[in-house]
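Order of appearance sets the numbers: ligands from 1, and atoms from 1 within every ligand. We count residues from 1, following the sequence as given.
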Amino acid sequence: MAKERIAFSCTNCAYISGKWIGCCPSCSEWNSFVEQEPVVATARVASNAQRARLVSVDQIPSQAQERMLSGIKEWDRVLGGGILAGSFIILTGDPGIGKSTLLLQVAHSIAADNDVIYFSSEESLEQVKNRALRLNVHNKRLRFSDVANLETIIATAQHEKPALVILDSIQSCHLSAQSSVIPGTVAQLREASFHLMRLAKEHGIAILITGHITKEGEMAGPKVLEHMVDGVFYLQTEERWHTRILRSVKNRFGTINEVGFFEMQENGLAEVTNINQQFLNEASHSSGSALVCCVEGTRPLLLELQALVVESKFGIPQRVVTGIDPKRIVLIAAILEKYLHIRFSAHDIFFKVSGGFKIKESSADLGIALALLSSYFQRVLPAKSVAIGEVSLTGQIKAANQVAASIKEVEKFGLERLFVSKSQPVKTACQLFAFKSVYDLLELFPEE
Ligand code: TYD
Ligand code: MG
């Protein structure tokens, strides 16, 4: 006998629970649980079911790994060298961030050599036209439709066989009324993605969908799709720089954490190729400031760290940190306190990464230590200097990974001094300051 089970799933992250829960244990979203379609546990598989054909590696036909280059370098690089034929990828970000704008520009460039269909289920064709006129998009091989029915979209794509299908957005598409799942739910989003994935793999059509992040949990967030797609790309904004950062969060065919920079202008998103120059122009040469070079994906970024260390007025010292995990600052301050007997625990620490960028890499540790010391001693670090290195709990300065690209970037921008670990193998024309432990850092702050 088939047996019905009731389950509840989170509309934000698809976490499944046997009972309704107020706050999702996986993504911490409130009131996001909805009842799922009852799961019918079917009887055993019939013994006469069709069997799969098994093949060895040599028998698998090799596919040409064709990539569609758009010529928009920031986009192509983040994608891992352009969109791979037959891949299924998602671009996500807040509403109004510029997803449709970016995709229209990409679609236009790719349509120079390929057929592209842009399904704009979210906006009418008039709205698409307005944007197209603004971006000067006129390619004949790029065609549009505003249908939102997924079956129609899939049937059209199967018939037309374009190289690339863009679906903007997945949340505004729906399956036919005959479908058993409720529109806008996780179940529907999953089913829709499943059909799209089959379309991509079976017909070799690259599919690029957009989705926006919803906070209320009313409509399923694109997070549930992350494990179904080949690549997940986020378009984020950085208010102060007016930049849009395109970031690869998952990429089966490239590196993750790759970043691309764009600027929203009157006629679309323009690439920002000299972001390091912009970061450097903003850098201040004063006490509490240290430059670091962090690699995001394959791209070295020159970032300024700023620390302000002041004596605490109250019992519990403040730690106000942006752009970096506050625990890292607390940890490095604790290491310096332990070995150098500097009482950071009696000081407030304000810390930021200039440019509003977020640093995850541990190669910034040495820079953090130097910025803290520089502010504490009120002494400016040597001009045109960059720190690359990790700090261990035992107070040792450790070598960082992937420094070759960073050093090339450091030299390219005319920086002259490099602070590294003694154990770091480096080849550079810069003046080297090599440190074994945090004790050695005090050499940079001699008593006057
Ligand atoms: P849009 O691509 O519609 O965002 P999303 O698809 O992520 O919701 O663009 C959002 C904003 O960009 C909108 O407020 C208008 C602005 N914009 C420009 O500044 N310049 C342009 O050339 C275009 C097309 C849009
Ligand atoms: Mg849009």
Side-chain angles (χ1 to χ4, degrees), residues 12 70-76 78-79 83 88-111 116-139 142-150 153 164-174 183-184 189 192-193 196 206-216 218-223 225-226 229 231-249 259-273:
N12 191 43
S70 68
I72 304 171
K73 288 204 187 69
E74 297 288 298
W75 166 270
D76 290 340
V78 175
L79 269 278
I83 303 173
F88 178 29
I89 53 185
I90 178 164
L91 174 69
T92 153
D94 291 328
I97 191 94
K99 297 182 293 298
S100 306
T101 308
L102 180 60
L103 289 188
L104 191 54
Q105 287 177 266
V106 168
H108 174 65
S109 306
I110 289 179
V116 181
I117 304 184
Y118 192 119
F119 290 101
S120 172
S121 53
E122 201 164 75
E123 290 172 299
S124 67
L125 287 176
E126 289 73 40
Q127 284 170 303
V128 171
K129 179 155 186 171
N130 282 341
R131 186 180 287 119
L133 289 176
R134 216 167 153 179
L135 304 177
N136 197 18
V137 166
H138 45 73
N139 206 316
L142 166 60
R143 287 173 300 159
F144 298 90
S145 163
D146 60 357
V147 293
N149 181 294
L150 207 75
I153 291 173
L164 171 67
V165 165
I166 291 176
L167 191 52
D168 187 8
S169 68
I170 184 79
Q171 278 130 330
S172 50
C173 285
H174 59 82
L189 208 57
S193 318
L196 289 168
I207 298 181
L208 178 45
I209 60 175
T210 69
H212 31 84
I213 302 156
T214 52
K215 271 262 134 237
E216 293 73 30
E218 272 166 24
M219 201 156 60
K223 240 188 154 27
L225 304 176
E226 288 192 2
V229 296
V232 180
F233 302 89
Y234 276 77
L235 191 61
Q236 298 160 326
T237 182
E238 186 40 70
E239 288 294 324
R240 214 172 77 51
W241 289 83
H242 305 288
T243 38
R244 304 281 193 272
I245 304 172
L246 179 69
R247 192 182 284 275
S248 62
V249 177
V259 281
F261 296 90
F262 296 91
E263 202 171 55
M264 186 58 97
Q265 292 180 350
E266 267 306 293
N267 52 354
L269 285 160
E271 296 179 69
V272 180
T273 45

Tell me the protein heavy atom at minimum distance from [atom], and give that distance in Å.
atom	answer
atom 3 (O) of ligand 1	R131 NH2, 2.7 Å
atom 15 (C) of ligand 1	R134 NH1, 4.5 Å
atom 4 (O) of ligand 1	G98 N, 3.0 Å
atom 2 (O) of ligand 1	T101 OG1, 2.5 Å
atom 8 (O) of ligand 1	G96 N, 2.7 Å
atom 12 (O) of ligand 1	M264 CE, 3.1 Å
atom 6 (O) of ligand 1	S100 OG, 2.7 Å

**Message:** I'd like to check which ligand 1 atoms, numbered from 1 as shown, lie under 4.0 Å from a non-hydrogen atom of K99.
**Reply:**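 The atoms of ligand 1 under 4.0 Å from a heavy atom of K99 are 2 (O), 4 (O), 5 (P), 6 (O), 7 (O), 8 (O).
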**Prompt:** Taking heavy atoms and a distance under 4.0 Å, where does N267 meet ligand 1: side chain, backbone, both or neither?
**Reply:**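 It is the backbone that gets close, since no side chain atom is under 4.0 Å.
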Does the side chain of [X] reach to within under 4.5 Å of the side chain of [Y], using non-hydrogen atoms?
X	Y	value
H174	N149	yes
F144	L104	yes
L79	I89	yes
Q105	T101	yes

**Message:** For ligand 1, which is the ligand I care about here, please tell me if G268 has any N or O atom under 3.5 Å from one of the ligand's N or O atoms.
**Reply:**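 The answer is yes, given that G268 and ligand 1 share an N or O pair closer than 3.5 Å.
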**Asked** Taking both backbone and side-chain atoms of P95, is any N or O found less than 3.5 Å from an N or O belonging to ligand 1?
**Response**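 No, no N or O pair falls under 3.5 Å.
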**Sub-4.0 Å heavy-atom contact, Q265 with ligand 1** =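 So Q265 counts as touching ligand 1.
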**Prompt:** Do S109 and S70 get their side chains close enough for a donor-acceptor pair, meaning under 3.5 Å?
**Reply:**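 Result is no, nothing qualifies.
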**Prompt:** Side chains of S124 and D146: is there a donor and an acceptor less than 3.5 Å apart?
**Reply:**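 Result is no, nothing qualifies.
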**Full working for side chain to side chain contact (heavy atoms under 4.5 Å, CB included) between I170 and L196** = CA-CA 10 Å; I170 184 79; L196 289 168; 3.7 Å; yes
**Request:** Using the test salt bridge (Lys or Arg N to Asp or Glu O under 4.0 Å), find all partners of R134 that sit at least two apart in sequence or belong to another chain.
**Result:**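 With neighbours one apart ignored, the set is empty.
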**Metal check, the Mg ion (ligand 2) vs T101 N/O/S, cut-off below 2.8 Å** =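 Checking T101: none of its N, O or S atoms is under 2.8 Å.
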**Over all atoms of both residues, closest heavy-atom pair of G71 and D76** =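 The pair with the smallest heavy-atom distance is N-OD2, 2.9 Å.
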